[in-house]
Every structure is written in structure tokens, then in C-alpha cells.
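Everything on this sheet refers to the single structure shown next.
By convention here, the first residue in the shown sequence is residue 1. In this text the structure is predicted, and so the values were computed from the model without any measurement.
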Amino acid sequence: MARRASPSLCSISSLLLPRSADSLCHLVALLTIFSLFLNHLARAALVSADSHFEGFDAEEDDEALADESADLESLRLANLKSTPLTTSSDPESHHGPPIVSDPAAAADEGAVTEGDVKETVVKPAGAAGFDFWDEDEFEGLPVVEEKQQQQAKAEVDGSKVAEAVVPDQKATAKAGGGRFVKQQSYTVEIVCGSFLIIFLINYFTGKKENEKLALAWAARFATRDSIFAKNFSLLGVGEGEDSPLLLKEGQTVFKFYASGRRYCQGLLATMELKSRHDLISRLYNMVVPCKDEISFEVYMNDDSMDQVVFAMAKKKASKGMQKELRDLQRFAALISPPNGRKWVPEELGVISESKEVAGDLITETVLDQVFGEKAFEKYGKGFISMHFSDQHPGTHRKILQFKFALPHASNMADMTRLIALVPYYIDLIGKYKLSSQARSKTETARAKAAQEAYRELQNARQEALQQKKAEKKKQMEEAAAKLSAEALRKREAKERARQMKKAMPKVKMSRGH
């Protein structure tokens, strides 16, 4: 502070500032210059770090920093030139720095921002302009508070960290979503594969169970010294001795044929088993149970069966049979139990053309073996129905039908008495003859049925002819609609001539001798 100011400068400063404020002004100036230096170093380090981190060229950063410094320098000079300066009367007071005014106002007038860093411009306290400002002695450097600098730096760092974290979170979420989608797709594939494996296992096991059941029945009743071997001379589907006994028509259908017996042409047994090979059907059968069934059809000779229509089944099933089967609907009715005679259990319903036929076919032997009260509880659990008719609608008019439920493969002996009914009734029906009274009644019913059948046949023929005429007329009308007016007039004239010729009386010409 050895230099002295001019007398005019000293006089002005002595009027505005007291001498005791010089030390305070020097301290503020030093702190301001030091803070600006630190701010400049921090910004340079931040810019260099950003350039190295982001991959930008250093030369571009240096050029941007030089341009920014030039802009700040020009702004500072402009603010200093427009700012008045006050001096003290003391010779040494002219070295005092300008007093900092309101930072907010300084920011509004000449603040320069970069990122989140805010700078305030120094304004001297004085309203009058100063013409003798020496730019070499004083530089109007901006004052940046240390706290604002730290906050700005923290905000910049925080924004960069957030930008780096958000893509990581997105990538993590995307990877997690991918793992969930893969896990879900694997779950569907595992379920489908497991279902397919279970389906295949059930197919082969169910197929084997059905074959085992059919072979168990054949081994019990169709082999040497069995019931059918003793009553029929030919067993199986072939002619040789080594021909197979059973014919497999599907995974659930097996057939057995026997022939070579009196009163009948042959016997066909059809086993209809559960669909054990089908997983869906097996699950359905768990909810709605069904039985393995075997049905027998015995084709009787025409001269070996009299006029007989008879059926027996569970009461509910017998009512359905009477409504569905045409021969039972035409010729038979439900028979009430006779008085003073042993009869079938109450749970069975008998349908017959007359009480005489029902009484003759339900013999004491049958009641003792199968259809008695006690015998039916023990041996008749597998009985479903039997139906004898000489008016059966089909290729074979005279037929005997039996239907039984198959037991388990290990319990085939339980249906031995039911199987024995087949040859028993073949002989019984083959020998049976109606009484004259019953025959007259059955003949009347059959004559009436024949007339009804003939009438139905005539009606069907008439309907077919009418339908054919209607179709022909429709075709002629369609053809006439396509004709021209002249062709239509000619056609109508021809039709009138034909009608007139048809209406004229016919005259017979005779030659005179």
C-alpha cells in the first residue's frame, strides 16, 4: 500500500468511507479471490472428469471452457464499467475492494449460470459513475459461495449417478421379466410333457387291462371243457383248430363266435369294455361309473322258434325297453306277478305277449338257479336284461338276446350261472310250442301288425312318388322361367291341345262284316 492516490480520489473516498473499514475490505477481497480460484479449479476438474467419463474429446472441452471464460470475462468487464466506486479520504483507502451488494439483484442483472452453479456479480455501493476506474488494479470477479458450489457439485454428481442407476434398474427389471417369462414357459412345457407321459402310460396300461379281462373271460368259458365248448362244435372266428377265439375290433370291443348246435344258426358274443386306454374317459368314469358288458345274440332257426315275444330286465330298464323296441311296443306289455306262484324279485320287470308265455319261460329251474329271491342276490348281480322275439327288426327275425355285466378278471366264476342261461334258453325256446288259445291271439296280433306294416309301406311309397312329382314340377317351372315369351306361348298352346284331346270321349271303331 505504498502508492498514493491523487488528491481528488482521496477526498472522495474520505467522504464516503471511514478509515477503520480498510482492513475489513482487504479481508473480503482476499476471501473473494481465494473462493473464485477454488471454484475455477473445481470446475476444471469436473469438466475434465466428465470428458474422460463420457468419452468426449479433450480438445472440444478445452475450446468450450475457453469460450466460457471469455464470455464470463466480458460480462465481468461490462458489469464493472457500469458500477460506481467510492473512495476514502485516507491515502491508503483507495485500495479497498468494492462492497458486495444484494446477491439476488446481482444474479438478476448479470448472472451467468452453467449447470446448477449460480454466480453473483460484485456491485460497488454508490450511485454516481466513476470515470477513473483502473481495470489493471481491480477486477470485478464473481463471488461464489462455498455452500452453493458444494451443492451444485453434489447435484451434478447425483444426477450422473441417477442416470447410471436407472439403466441398471431397467436392465435388471428386464432380465427379471425374462426369467419370469422363461420360467412360465417352462412350466407350461413341463405340464404338457407330464400330461403326455401320463397319457401314454395310461394308454398302454388300459389296453393291457382290457385285453386281460377279455382273455380271462375266454379262458373261463370258451376253452376246452368249458360251457361253450360242451354246447357248440365250432368256437372262434376261424375254421381251423388254431384259429383265435376272440376278434379284437378296437381297444374296447372284443367278439366271440360259436356255431354247430341244434335249434340255432350260431352265437355271437360282443364284449364292450370301458375305455381304460383313454385318460379322459377314465377320469369321466370316476365321476360317472359304468360297467363292462357282454351281450349274446343267438340266431334261431326259422322252424325252431314259435311266436314268442318276451323280455325281462330291471324295472326302470324294462319300461325303457318297451318304449324303444318296436316289437315290444307292438306285441307285449308289462306282466304283473301271478298269484300263488313263485316269481322273480320285485326289482325285475317282465314284458310278455301273454301271461302264458311268461309263465312257461320263467321256469322253476331258472328261479332256483338265478332269478329266485335268494339266488338273485348271490348270482344275479351281473344280470342286465334278456330279450326273445320272433319279430325282431333286422336281418334275423328270430333272435335271443342276453346282456350281462362282466366282473373283475379274477372273479369270472361269479357269472357262471348267468352264462349257463344261454344254452338253457336255446333248448327251451327250440322245444317250446304255444297253446291253441295263445296261438290264435298271437296270430291275430301279427296279422294286424302285418296290415299296419303294409299300410306304412304304401304310405311311404306314396310319399316318395309325391316328392318325386314335386321335384319334377319344380324343375319344369325353373326351365319355363328361362324360356322366352314366344316359346312360352307355344308351350301353353301345346298343353291346351293335350288337355282338350284328353277331355274328348274315346270312340272305338269296329269293322262291319
Pairwise distance CD(Gln322) to CG(Asp327) - rounded to 0.5 angstrom =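 Between atom CD of Gln322 and atom CG of Asp327 there are 10.5 Å.
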
Would a 4.5 Å heavy-atom cut-off, applied to side chains only, mark [X] and [Y] as touching?
| X | Y | value |
| --- | --- | --- |
| Val350 | Phe310 | yes |
| Glu492 | Glu495 | no |
| Arg446 | Asp390 | yes |
| Asp278 | Tyr284 | no |
| Lys378 | Asp414 | no |
| Asn301 | Gln265 | yes |
| Met412 | Leu406 | yes |

Between the side chain of [X] and the main-chain N/O of [Y], is any donor-acceptor distance below 3.5 Å?
| X | Y | value |
| --- | --- | --- |
| Arg341 | Gly359 | yes |
| Asn231 | Pro423 | no |
| Lys207 | Gln251 | no |
| Lys274 | Cys290 | yes |
| Lys398 | Met305 | yes |
| Ser304 | Met300 | no |

Under 6.0 Å between the ring centres of Phe256 and Phe228?
-> yes

What about Tyr379 and Phe371, are their ring centers closer than 6.0 Å?
->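 No, the ring centres sit 6.0 Å or more apart.
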
Within a reach of under 6.0 Å around CZ of Arg326, are more than 12 heavy atoms found that belong to other residues, nucleotides or ligands?
-> no

Decide if atom NZ of Lys433 counts as having more than 12 heavy atoms of other residues, nucleotides or ligands within a radius under 6.0 Å.
->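 Yes, the 6.0 Å shell around NZ holds more than 12 heavy atoms from other groups.
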
Verify side chain to side chain donor-acceptor pair (under 3.5 Å) between Thr442 and Glu353, making sure each step is shown before the conclusion.
-> CA-CA 8 Å; Thr442 56; Glu353 196 169 1; 5.1 Å; no

Got a sec, which residues hit side chain to side chain donor-acceptor pair (under 3.5 Å) with Ser275, two or more places apart in sequence or on another chain?
->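 If we apply the side chain to side chain donor-acceptor pair (under 3.5 Å) test to Ser275, skipping adjacent residues, there are no hits.
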
If every non-hydrogen atom of Met321 is compared with every non-hydrogen atom of Ala313, which pair is closest and at what distance?
->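 Met321 and Ala313 have their closest heavy atoms at SD-CB, 3.8 Å.
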
Provide the closest heavy-atom pair for Met415 versus Ile294 in the form atom of the first, atom of the second, distance.
->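 Between these two residues, the closest heavy atoms are CE-CG2, 4.1 Å.
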
Can you name the one residue among Ile399, Leu428, Val309, Leu361 that meets side-chain contact (heavy atoms from CB on, under 4.5 Å) with Phe388?
-> Leu361

